[in-house]
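Below, read A as the first sequence line, B as the second, and so on, with proteins coming before strands; counting in each chain starts at 1.
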2 protein chains.
Amino acid sequence: MPANKPQQDRAEKRAELLSEARRLFIEDGYESTSMAALAKAAGVAGNTIYWYFTDKDDVLVAVLNAVVADALADYEQVSTAPIAEQLLWIVDTLQQMRTLVSTVHSRATRSPAVDAWHNGFHLMTETLFRTTLEQAGLSGTDIEAEIKIGVFTIEGLLAHGLDAASTRAICQRLAQLWTPT
Amino acid sequence: MPANKPQQDRAEKRAELLSEARRLFIEDGYESTSMAALAKAAGVAGNTIYWYFTDKDDVLVAVLNAVVADALADYEQVSTAPIAEQLLWIVDTLQQMRTLVSTVHSRATRSPAVDAWHNGFHLMTETLFRTTLEQAGLSGTDIEAEIKIGVFTIEGLLAHGLDAASTRAICQRLAQLWTPT
DNA sequence: ACCTGAACACCGTTCAAGT
DNA sequence: ACCTGAACACCGTTCAAGT
């Protein structure tokens, strides 16, 4: 009868490990968090993690998905706001994974799993931008170039952690670029 | 009498180690190149490197300086070309350190030496952009925002290695943004 | 001053053994 | 199915010993 009970427990334990990983990766960084430290924080032996995740990069991908899922869940709040406000919101929301941006780029060159996640994230972001730009009535052959400029700028803002004033100015300049005169 | 002869030899040997490091870091990546592999390629014992460099990050900084120095030496060729051509040249030239871009961002969070280099590089690039934009007759309060957008876009192009057509389109769109109508 | 072999502390991961 | 202690191969770095 209880055919899904153990699965329930398994999912819960995985979620616990994931929660600890998310906290440690964001607080201390991916490289600074050893599998031993993660296991200790979760109260299990070092190698137990490998029963729930294939390797350390798999933990990273799970953390990234969790952070992005939370962000998307809150997106509706601003989905109808002006473009500049949307951009600012995206940067602020994803700022929590500031330290993970460089990690993703670094690991993507070595881990196929992280590379796949990175490609998917860019695809999603560019689709989001394209929709927004088209709704704003933008047209022309340069729309693809503008999307890339937008994505790269967001990525740069995330990675470098500028002060609030600069961040705001850049988002507004970017939005202005996309507002037909 | 030969007070500078040993220094000469020392500089040569350091240059040899640096040359091997530059090749290996760019070909195989920073993380994939162990200090042991670097030493073997240079024909010395593993720990000999530490007499010429303080640590692995110090080798990285030396490699980065060498690559940028070579690039700047060639810059005069295009310093009077149109802005779009200048941007394209910068991306093409620095493309050789494509794999190192993510490494720099990743290591900057852990190594003060790499962080210092990274800050200096951004300062240099932004100064270069500012000069170019002012010469182009651009003014306004948004000039700082535009510089950042430019730098982040270049960085994104370097890190992601887009195809030639996309790269060209983005550089032209960026240059167009900076050309007063 | 320069170079080395050997050791150190750490890392992600694997494996045989338990329940 | 799930968890563990112990081991493995590797890493950057240090140190005592040589010349």
Side-chain angles (χ1 to χ4, degrees), chain A residues 1-18 20-21 24-25 28-63 100 103-104 106-114, chain B residues 1-18 20-21 24-25 28-63 103-104 106-115:
Chain A
M1 189 242 281
N4 60 347
K5 189 62 192 302
Q7 300 234 35
Q8 188 88 347
D9 292 350
R10 177 171 171 81
E12 270 177 34
K13 185 129 194 185
R14 200 190 124 103
E16 253 182 63
L17 285 170
L18 190 55
E20 284 299 326
L24 288 170
F25 283 0
D28 303 339
Y30 175 79
E31 285 193 301
S32 296
T33 304
S34 69
M35 292 295 265
L38 171 55
K40 194 173 181 182
V44 295
N47 46 7
T48 299
I49 304 171
Y50 290 87
W51 203 88
Y52 296 92
F53 301 92
T54 62
D55 52 24
K56 197 182 180 185
D57 289 307
D58 190 33
V59 183
L60 175 61
V61 168
V63 167
L100 293 185
T103 301
V104 167
S106 178
R107 290 307 306 165
T109 65
R110 311 199 69 197
S111 157
V114 176
Chain B
M1 187 240 282
N4 60 347
K5 190 60 192 305
Q7 301 234 35
Q8 188 87 348
D9 292 350
R10 178 172 171 81
E12 271 176 33
K13 185 130 196 184
R14 201 190 125 105
E16 252 182 65
L17 285 170
L18 189 55
E20 283 299 326
L24 288 170
F25 283 0
D28 303 339
Y30 175 79
E31 284 192 303
S32 296
T33 303
S34 68
M35 292 296 264
L38 171 54
K40 193 174 181 181
V44 295
N47 45 8
T48 298
I49 304 171
Y50 290 88
W51 203 86
Y52 296 92
F53 301 93
T54 61
D55 52 25
K56 197 183 180 184
D57 289 307
D58 190 33
V59 183
L60 175 61
V61 168
V63 167
T103 301
V104 168
S106 178
R107 290 306 306 167
T109 66
R110 311 198 69 198
S111 157
V114 176
D115 189 47

For [X] and [N], give me the distance from atom [atom1] to atom [atom2], rounded to whole Å.
| X | N | atom1 | atom2 | result |
| --- | --- | --- | --- | --- |
| L17(B) | dC3(C) | CG | C1' | 12 Å |
| R14(B) | dA1(C) | CZ | P | 17 Å |
| K56(B) | dC10(D) | NZ | P | 15 Å |
| D58(B) | dT13(D) | CG | C1' | 14 Å |
| K40(B) | dG12(D) | NZ | C1' | 18 Å |
| D9(A) | dC3(D) | CG | C1' | 15 Å |
| F53(A) | dG12(C) | CZ | P | 15 Å |
| I49(A) | dT4(D) | CD1 | P | 10 Å |

Check every atom of [options] against the side chain of [X] and return the nucleotide holding the closest atom.
| X | options | answer |
| --- | --- | --- |
| M35(B) | dT13(D), dT4(C), dT4(D) | dT13(D) |
| S34(A) | dT4(C), dT13(D), dC11(C) | dC11(C) |
| Y50(A) | dT4(D), dC11(C), dT13(C) | dT13(C) |

Who does dT19(D) pair with, Watson-Crick or G-U, both distances under 3.5 Å?
dA1(C)

Mate of dT14(C) where both pairing distances stay under 3.5 Å, Watson-Crick or G-U
dA6(D)

Which part of the nucleic acid, if any, lies within contact of T54(A), taking any heavy atom under 4.0 Å across all strands shown: a base, the sugar-phosphate backbone alone, or nothing?
nothing

Taking any heavy-atom pair under 4.0 Å as a contact, classify S32(B): base, sugar-phosphate, or nothing.
nothing

Can a side chain N or O of K13(B) be found less than 4.0 Å away from OP1 or OP2 on dC3(C)?
yes

Under 4.0 angstrom between Y52(B) side-chain N/O and dC3(C) OP1 or OP2
yes

Please tell me if the side chains of [X] and [Y] come closer than 4.5 Å, counting only heavy atoms from C-beta onward.
| X | Y | value |
| --- | --- | --- |
| F53(A) | L60(A) | no |
| V44(A) | L17(A) | yes |
| T103(A) | F25(A) | no |
| R107(B) | E31(B) | no |

D58(A) and Y50(A): side-chain donor and acceptor closer than 3.5 Å?
no

